[in-house]
Protein chains: 2
Amino acid sequence: MNSRPRNSLKLISEKFGVSPTTVSRVLSGQAQKYRISPETEKAIKDFAAKENFTPNPIAKGLRLKKTHTIGLIIPDIANPFFAGIASQVVNVARTHGYSIVLCDSEENPALEKQSIELLWARQVDGMILCPVGQTPDYLERYAREQRPLVLVDRVFPGLGLPYVSADNFTGAKNATAHLLDNGHRRIACLQGMVGTAPSEARVGGYTAALKERGVPFDPRLVVGDSFGEQSGYLDTKLLIRATPDITAIFAMSNLLALGALRALREENRSVPGDISVIAFDDQPYLAHLSPPLTTVAQPHLEMGAAAVKLLLDEMRAPSSATKSGLYLPTSLVIRQSVRKLD
Amino acid sequence: MNSRPRNSLKLISEKFGVSPTTVSRVLSGQAQKYRISPETEKAIKDFAAKENFTPNPIAKGLRLKKTHTIGLIIPDIANPFFAGIASQVVNVARTHGYSIVLCDSEENPALEKQSIELLWARQVDGMILCPVGQTPDYLERYAREQRPLVLVDRVFPGLGLPYVSADNFTGAKNATAHLLDNGHRRIACLQGMVGTAPSEARVGGYTAALKERGVPFDPRLVVGDSFGEQSGYLDTKLLIRATPDITAIFAMSNLLALGALRALREENRSVPGDISVIAFDDQPYLAHLSPPLTTVAQPHLEMGAAAVKLLLDEMRAPSSATKSGLYLPTSLVIRQSVRKLD
DNA sequence: TCAATCTGCGCAAACGATTGTGTTGACACG
DNA sequence: CGTGTCAACACAATCGTTTGCGCAGATTGA
């Protein structure tokens with residue numbers, strides 16, 4: 001009733017009067033190495049093709065201790081940024097013969113840790129992780145244990161784990177420079193979760209640009225503590241009350257920008273008439289907002305692809321000398337949310 | 001070097017001077033059923049907890065022919081609609097002890113078929129599929145083979161497979177009625193891929209609403225053949241040339257609406273001043289467009305959750321009498337893209 | 001005292017592949 | 001005729017679990 005016999009090496013071998021060994025060797029292309037006769041080989045191959053039989057990966061996994069499976073942990077797969085990463089991870093992995101087991105940590109460090117353990121227990125060959133929190137703690141252990149694990153986006157350099165991230169520093173620096181070029185001097189900065197590498201790097205780029213132009217840095221202009229829409233909304237509201245002289249807002253995520261727009265609309269500030277806005281991370285719909293938003297585009301597709309490739313390297317070489325991090329360049333997409341001041 | 005010994009029943013059993021059988025029974029909660037002494041039980045349990053050992057799922061899968069794994073095939077994980085479904089699938093599956101193997105068919109029927117085969121070969125216990133094409137052909141086989149498989153969104157009723165979808169008919173009907181209520185009579189309809197259930201149902205709802213109000217149906221007003229942005233853009237362009245008297249556009253997807261907006265902007269038609277627009281499928285950013293778009297919200301989170309539950313049912317009951325389909329209600333989200341005509 | 005019952009486990013065969021090491025029969029060569 | 005070579009495979013162990021029986025010793029009842 002519940003049994004779905006399917007095929008197996010044994011079944012096939014009986015059908016041809018040979019041993020499972022022979023079938024296995026034929027199907028793994030070792031036929032001539034083991035001098036299987038061409039007739040036997042052809043018969044078996046034809047049959048396998050007709051039934052499109054593949055040796056059971058579970059049994060294979062048990063024997064070979066390789067599951068051809070990669071774990072992927074994402075803080076929120078419904079977030080387009082991460083969905084984009086995931087899509088490339090899935091596709092590149094597939095072309096290399098790997099399947100993806102997907103976990104969603106729901107922006108929850110505890111669940112993230114749990115998922116990591118789950119995936120290792122499930123014998124994945126390697127893992128790609130977009131960490132959620134600030135504290136790597138247990139990640140360090142995996143680094144020591146030499147497990148194939150690569151970090152994406154919210155990376156932790158210095159942990160001894162390979163990682164790939166956008167060049168947040170330069171991206172933010174260029175965006176800020178763009179605002180400065182357009183005459184803005186009082187530029188507010190809606191940052192993301194403090195302590196995370198992307199947020200720190202972006203704020204770093206922001207201050208670097210200011211310093212380069214000799215514009216004084218005002219700590220009151222750097223606000224926020226989350227990448228979410230709520231935070232963008234609230235902090236923008238507070239901002240235009242506390243420092244009404246700002247002429248531009250640099251929102252360090254997509255959602256922060258949306259929140260900012262909502263707040264500005266409620267406060268009857270026009271964009272870019274009264275206040276210019278730059279977002280971080282491009283998404284198709286940003287072009288359709290009112291106004292179309294200027295933003296720093298992250299190469300999130302490339303990030304996903306790069307992560308898989310780094311991981312594959314890591315998986316074949318038990319662990320080369322130093323784990324290399326990878327920063328991918330961003331690009332400034334100029335639309336219509338920045339006004340030129342005179 | 002490559003060997004990661006880890007733990008195993010055998011290792012643990014040797015540590016406690018018992019047999020692997022005993023350890024297995026303790027860890028699967030069969031201790032008293034097999035009269036394992038409380039001391040032995042506790043010792044083993046404590047050790048397992050400390051090392052947080054779990055019996056190797058691969059070996060378990062081989063023995064039990066159950067992998068506690070569900071396959072999920074999505075046409076495009078980067079599409080927020082599908083990403084939303086996926087997020088719920090992952091989460092609900094997790095709470096039931098199942099992991100998700102994710103495949104992306106890239107809107108490609110051939111790749112879809114290939115992915116299905118891959119997943120079955122990988123011994124998934126069940127599968128959730130968002131089909132891409134119009135022709136079910138090979139799906140029928142799985143229905144006959146009684147495999148646990150549930151369809152989502154682009155469903156095929158009458159195939160003998162359980163499915164879950166939004167109530168596209170009623171959703172479209174209500175949206176059209178909303179336009180009619182606002183005085184619109186010449187309502188164009190940007191449909192999706194013809195032959196797919198969602199598109200047919202939505203067009204069905206549209207015509208039903210017209211008929212109910214006695215508004216004549218004009219076939220020239222129903223155009224398009226894809227859910228993509230390009231199609232929305234192009235067909236809108238053509239539409240306002242061919243039938244300039246339209247006062248409203250019902251775009252039957254998100255992306256179609258974006259395309260329509262782009263075309264209308266280029267043609268200098270204001271929304272909703274000159275032309276009203278209703279979209280299908282709500283996404284957070286629609287509220288931030290100019291103007292905020294009125295749309296038919298699909299319960300895509302619920303759809304994902306329902307799919308998993310249907311699948312779990314299917315997996316425990318080899319196959320009850322008739323496979324039931326499930327239509328989840330939509331809701332009309334009224335924003336500012338529909339103008340009241342007088 | 002002997003059989004019956006109970007306690008507390010162990011044996012060994014799967015599950016479906018992979019692999020190092022045989023084994024067998026045919027043929028060649030000297 | 002003896003031996004060596006070669007073609008064409010087969011054996012059996014192994015990966016880590018689960019599970020239907022089975023079994024030895026202790027206790028109990030009559």
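Below, chain A is the first sequence line, B the second, and so on; all start at residue 1.
Rounded to a whole Å, the NZ atom of K33(B) is 18 Å from the C1' atom of dC6(C). Remark: C1' of dT17(D) and CG of L62(A) are 8 Å apart, rounded to the nearest angstrom. The distance between atom CG of L27(A) and atom P of dG16(C), rounded to the nearest whole Å, is 16 Å. Going from atom NZ of K60(A) over to atom C1' of dT19(C) covers 14 Å, rounded to whole Å. Computed from coordinates, the Q30(B) CD to dT19(D) P distance equals 7 Å when rounded to whole Å. Between I36(A) atom CD1 and dA7(D) atom P the separation is 12 Å, expressed in whole Å. Whole-Å rounding puts the L64(A) CG to dA17(C) P distance at 12 Å. Spacing between atom NZ of K66(A) and atom C1' of dC15(D) amounts to 14 Å, rounded to whole angstrom units.
In terms of heavy-atom proximity, V90(B) sits nearest to L102(A) at CG2-CD2, 3.7 Å. Scanning both residues, A83(A) and I77(B), for their nearest heavy atoms gives CB-O, 3.4 Å.
Residue whose closest nucleotide on DNA chain D sits further toward the 5' end, between P38(A) and T21(A): P38(A). Each of N56(B) and S37(A) was matched to the nucleotide of DNA chain D holding its nearest heavy atom; the match closer to the 5' end belongs to S37(A).
When distances run from any side-chain atom of R35(A) to the nucleotides dA12(C), dA8(D), dT17(D), the shortest one goes to dA8(D). Nearest nucleotide to the side chain of S19(B), out of dA17(C), dG10(C), dG8(C): dG10(C). Closest to the L9(A) side chain, of the nucleotides dA17(C), dT19(D), dG16(D), is dA17(C). Side-chain atoms of R25(B) lie closest to dC21(D) of the nucleotides dG16(C), dT19(C), dC21(D).
One N or O on the side chain of E112(A) and one on the backbone of V132(A) form a donor-acceptor pair closer than 3.5 Å.
OP1 or OP2 of dG16(C) sits under 4.0 Å from a side-chain N or O of K65(B). Note on T22(B): a side-chain N or O is less than 4.0 Å away from OP1 or OP2 of dG10(C). A close approach under 4.0 Å does occur between a side-chain nitrogen or oxygen of T40(A) and OP1 or OP2 of dC9(D).
Among the protein residues, F16(B) comes within range of no part of the nucleic acid, since none of its heavy atoms lies under 4.0 Å from any strand.
No donor-acceptor contact under 3.5 angstrom links the side chains of R122(B) and T69(B), judged on distance only.
Taking the side chain as every heavy atom from C-beta outward, I100(B) and V101(A) never approach each other to under 4.5 Å.
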